[in-house]
Amino acid sequence: MAQVSLKNVSKIFPNGTKVVDNLSLGVESKEFMVLVGPSGCGKSTTLRMIAGLEEISQGEVYIGNRKVNDIPAKDRDIAMVFQNYALYPHMTVFENMAFGLKLRHYPRKEIIQRVNEAADILSIKHLLGRKPRELSGGERQRVAVGRAIVRKPMAFLFDEPLSNLDAKLRVQMRTEIHKLHIRLQTTIIYVTHDQVEAMTMSNRIAVMRQGVIQQVADPIEVYDHPKNKFVAGFIGSPPMNFLQGRIIKKDGRMYFDEGKLQVKLIEDMYPKLLSYVGKQVILGIRPEDIYDKLFVSEAPPENIVRVNCEVYEPMGSEVYLYLNTGKHTFIARVGAHDRPQVNQDMDLVFDMSKVHFFDKDTEETII
């Protein structure tokens with residue numbers, strides 16, 4: 001397996017649109033790296049430049065120790081799995097999986113061995129004689145992955161491979177691809193807009209926005225310590241809540257004042273927020289860090305906020321509450337036992353040890 005390195009890579013289309021902007025990223029050998037971001041952020045274009053399917057405008061791409069800028073896609077020793085499977089409809093599953101090896105003039109005996117090994121790994125041996133039209137979406141995706149496995153490439157590239165599958169099958173295939181990585185110990189670069197896929201599958205996540213990497217770290221680091229407001233809002237489901245207000249100081253203590261609600265800050269926050277006293281900041285708090293006061297045994301009175309419950313959304317094991325302060329709307333994720341009355345006021349508790357603050361102008365993380 002090989003490292004993949006991108007050094008100051010940009011992609012500029014003929015009309016002047018820059019879709020990838022001076023991107024540098026190192027993917028370690030045997031690492032599962034996920035590029036995640038909203039549609040149009042440049043993640044698929046980045047993957048296609050690594051694959052050799054898109055020309056690089058500026059910068060350098062290395063696979064192993066070899067610079068591949070001018071090397072054709074077929075000679076880069078990588079395998080790519082696409083969103084739409086890209087199977088040949090007139091070929092059987094076996095023929096689809098063997099096609100790339102035939103083009104490279106592998107011996108017939110080795111082709112059969114490799115296809116059977118990959119089919120065993122993916123539990124599709126019973127499908128080898130079928131045509132793609134006879135397969136379900138999940139089976140087609142397994143065949144597409146199998147076609148990549150037989151190549152035994154230096155790196156695998158996945159471009160939103162699960163987006164055409166239904167929700168239940170996506171969860172199943174997500175697990176299968178994760179287990180496949182553990183079994184094959186291969187380098188994988190995986191593109192998705194689904195942050196749940198990114199969190200559950202990766203060793204590290206690269207969060208992209210408008211062609212620029214915002215943060216690269218392991219999933220828990222990105223979730224607990226987002227670098228800026230964009231990352232904080234993109235990673236997490238439901239997303240982080242954001243409330244704009246001022247930092248104020250009274251009686252030697254510091255508070256966040258939203259206008260309709262006020263919460264006391266933890267003293268450990270004082271040093272980093274002292275310079276923001278009297279200024280506007282953005283408070284971020286995740287839905288799971290907001291509790292109904294009725295179910296909290298000891299709630300500091302300074303952290304209790306009164307809000308109106310506009311919508312109650314049962315999700316089975318938990319409930320989403322859509323709330324309104326009078327200035328902001330936000331979501332709390334609480335236990336299924338919590339059943340407040342809709343359109344009535346209720347008291348909530350903010351877990352201030354889990355709160356984030358962002359600079360209003362730069363949107364960079366303060367704390």
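Just so it is clear, the model here is predicted, and its values are computed rather than measured.
A donor and an acceptor atom, one from each side chain of Asn22 and Asn8, are located under 3.5 Å apart. Checked by atom type, the side-chain pair Asn228/Gln214 shows a donor-acceptor distance below 3.5 Å. Between the side chains of Tyr312 and Asp338, not a single donor N or O lies within less than 3.5 Å of an accepting N or O.
Salt bridge status for Lys354 with Glu288: absent, with no side-chain N to carboxylate O gap under 4.0 Å. The pair Arg174-Glu197 fails the salt-bridge criterion, with no side-chain N (NZ, NE, NH1 or NH2) lying under 4.0 Å from an Asp/Glu carboxylate O. Between Asp120 and Lys125, at least one side-chain N (NZ, or NE/NH1/NH2) sits under 4.0 Å from a carboxylate O, which counts as a salt bridge. A salt bridge links Glu60 with Lys67: at least one charged nitrogen is closer than 4.0 Å to a carboxylate oxygen. In summary, Arg204 and Glu31 engage in a salt bridge, as defined by a charged side-chain N under 4.0 Å from a carboxylate O. In this structure, Glu176 pairs ionically with Lys179, as a charged nitrogen and a carboxylate oxygen lie closer than 4.0 Å.
Looking only at distances, no side-chain donor or acceptor of Arg306 sits under 3.5 Å from a matching main-chain atom of Asp347. Remark: side-chain polar atoms of Arg66 are not paired, donor with acceptor, to backbone N or O of Ile71 under 3.5 angstrom. Proximity of a side-chain donor or acceptor of Arg333 to a complementary backbone N or O of Ser237 within less than 3.5 Å is detected. With Glu134 contributing its side chain and Lys131 its backbone, the two residues share a donor-acceptor pair below 3.5 Å. With Ser163 contributing its side chain and Glu160 its backbone, the two residues share a donor-acceptor pair below 3.5 Å. Counting only distance, with no hydrogens or angles, the side chain of Ser123 and the backbone of Ala119 share no donor-acceptor pair below 3.5 Å. With hydrogens and angles ignored, the 3.5 Å screen pairs no side-chain donor or acceptor of Thr192 with any backbone N or O of Val36. The main-chain N or O of Phe295 is never found under 3.5 Å from a side-chain atom of Asp292 such that the two would form a donor-acceptor pair. When atom types are taken as modelled, the side chain of Arg76 and the backbone of Val68 share a donor-acceptor pair closer than 3.5 angstrom. Proximity of a side-chain donor or acceptor of Asn241 to a complementary backbone N or O of Phe330 within less than 3.5 Å is not detected.
Put simply, Leu180 and Tyr190 are part of the same group of oily side chains (I, L, V, M, F, W, Y) that touch within less than 4.5 Å, one to the next. Residues Ile366 and Val231 do not share a hydrophobic cluster, clusters being chains of Ile/Leu/Val/Met/Phe/Trp/Tyr side chains in contact below 4.5 Å. When the side chains of ILVMFWY residues are joined at heavy-atom separations under 4.5 Å, either directly or via intervening members, Met80 and Phe99 end up in two distinct hydrophobic clusters. Residues Val349 and Tyr322 do not share a hydrophobic cluster, clusters being chains of Ile/Leu/Val/Met/Phe/Trp/Tyr side chains in contact below 4.5 Å. Under the 4.5 Å side-chain heavy-atom criterion for grouping Ile, Leu, Val, Met, Phe, Trp and Tyr, Ile112 is connected to Ile121 within one hydrophobic cluster.
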Worksheet item: Going through the checks in order, is the side chain to side chain contact (heavy atoms under 4.5 Å, CB included) test met by Gln58 and Ile12?
Response: CA-CA 8 Å; Gln58 297 169 358; Ile12 306 168; 3.9 Å; yes
Practice prompt. Could you walk me through whether His356 and His225 pass side chain to side chain contact (heavy atoms under 4.5 Å, CB included), step by step?
Written response: CA-CA 9 Å; His356 300 263; His225 304 287; 5.5 Å; no
Item to complete: Starting from the C-alpha separation in whole Å, work towards a yes-or-no answer on side chain to side chain contact (heavy atoms under 4.5 Å, CB included) for Lys102 and Arg108.
Response: CA-CA 8 Å; Lys102 287 181 179 178; Arg108 174 71 179 169; 4.2 Å; yes
Item to complete: Evaluate side chain to side chain contact (heavy atoms under 4.5 Å, CB included) for Glu110 paired with Leu101, printing each intermediate quantity in order.
Response: CA-CA 9 Å; Glu110 185 173 354; Leu101 300 180; over 6 Å; no
Worksheet item: Yes or no on side-chain hydrogen bond (donor to acceptor under 3.5 Å, both in side chains) for Glu310 and Thr329, after CA distance, side-chain angles and deciding distance?
Response: CA-CA 9 Å; Glu310 295 184 322; Thr329 58; 6.0 Å; no
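Residues Val319 and Ala336 approach most closely at CG2-CA, 3.8 Å, considering heavy atoms. When all heavy atoms of Glu363 and Phe358 are compared, the closest pair comes out as O-CD2, 3.9 Å. For the residue pair Leu323 and Met346, the shortest heavy atom distance occurs at CD2-SD, 4.0 Å. Contact record, Pro161 with Ile177: CG-CD1, 4.5 Å, taken as the closest heavy-atom pair. Between Val296 and Tyr291, the closest heavy-atom pair is CG2-CB, 3.6 Å. Nearest heavy-atom pair, Thr187 versus Lys30, reported as atom, atom and distance to 0.1 Å: OG1-N, 2.9 Å.
In this structure, CZ in Phe230 is found 8.0 Å from CD in Gln210, a value given to the nearest 0.5 Å. Summarising the geometry, atom CD1 belonging to Ile56 is positioned 4.0 Å from atom CG belonging to Asn69; distances are rounded to the nearest 0.5 Å.
Side chains of Pro132 and Asn96 form a contact here, defined as non-hydrogen atoms less than 4.5 Å apart. Between Ile285 and Phe350 the shortest side-chain heavy-atom distance falls below 4.5 Å. Side-chain contact between Tyr62 and Gln3 is absent, with no heavy-atom pair separated by less than 4.5 Å. Contact of the Asn164 side chain with the Gln83 side chain is registered, since non-hydrogen atoms from C-beta on lie closer than 4.5 Å. The side-chain heavy atoms of Ile290 and Asp351, taken from C-beta on, include no pair separated by under 4.5 Å. With contacts defined as side-chain heavy-atom distances shorter than 4.5 Å, the pair Gln280/Gln244 qualifies.
Taking the centre of each ring, His328 and Phe242 stay at or above the 6.0 Å mark.
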Mind listing the side-chain donor-acceptor pairs of residues 42-54 below 3.5 Å, one per line with the distance, residues two or more places apart or on another chain?
from  : atom 1 : to     : atom 2 : distance (Å)
Lys43 : NZ     : Gly37  : O      : 3.0
Lys43 : NZ     : Pro38  : O      : 3.1
Ser44 : OG     : Asp159 : OD1    : 2.8
Thr46 : OG1    : Gly42  : O      : 2.8

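Under a cutoff of 6.0 Å and an axis angle of 45°, Lys18 and Phe13 do not form a cation-pi pair. For the pair Lys272 and Phe357, the cation does not sit on the ring face, since its NZ or CZ is not both under 6.0 Å from the ring centre and inside 45° of the axis. At least one test fails for Arg130 against the ring of Phe94: distance under 6.0 Å to the centre or angle within 45° of the axis. Relative to the ring axis of Tyr255, Lys249 does not place its NZ or CZ within 45° and under 6.0 Å from the centre.
When each of Glu302, Lys250, Arg246 is tested with Gln262 by the rule side chain to side chain contact (heavy atoms under 4.5 Å, CB included), just one qualifies, namely Lys250.
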